[in-house]
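Take a look at the structure set out below.
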Amino acid sequence: MYNNPAMTVGGGALASTGLGLMTSVWLGLAAFAMVALGTAVMRIVPRGGNRS
């Protein structure tokens with residue numbers, strides 16, 4: 001039961017590295033928030049073009 005080799009092949013890969021499912025979800029949400037923040041800042045910051 002506790003020494004099931006099939007569990008370590010697929011399902012236990014994240015658990016053996018210390019990353020759980022919720023940690024992966026939070027990391028994904030944080031990455032999405034950083035991309036959204038970057039695109040918002042790029043829209044706010046003025047371009048360096050010639051405006052004459």
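Just so it is clear, the model here is predicted, and its values are computed rather than measured. What's counted below: heavy atoms across the whole structure, side chains too, no hydrogens, waters or symmetry copies. Each residue takes its place number in the sequence, starting with 1.
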- prompt: Got a sec, which residues hit side-chain contact (heavy atoms from CB on, under 4.5 Å) with Val41, two or more places apart in sequence or on another chain?
  reply: Leu37, Val45
- request: List, by chain and number, the other hydrophobic cluster members for Phe32, where Ile, Leu, Val, Met, Phe, Trp and Tyr join if side-chain heavy atoms come within less than 4.5 Å, directly or indirectly.
  value: none
query: Which ILVMFWY residues can you reach from Met42 by hopping between side chains whose heavy atoms are under 4.5 Å apart?
result: none
field: For Leu29, all residues meeting side-chain contact (heavy atoms from CB on, under 4.5 Å), sequence neighbours excluded
entry: Val25, Trp26
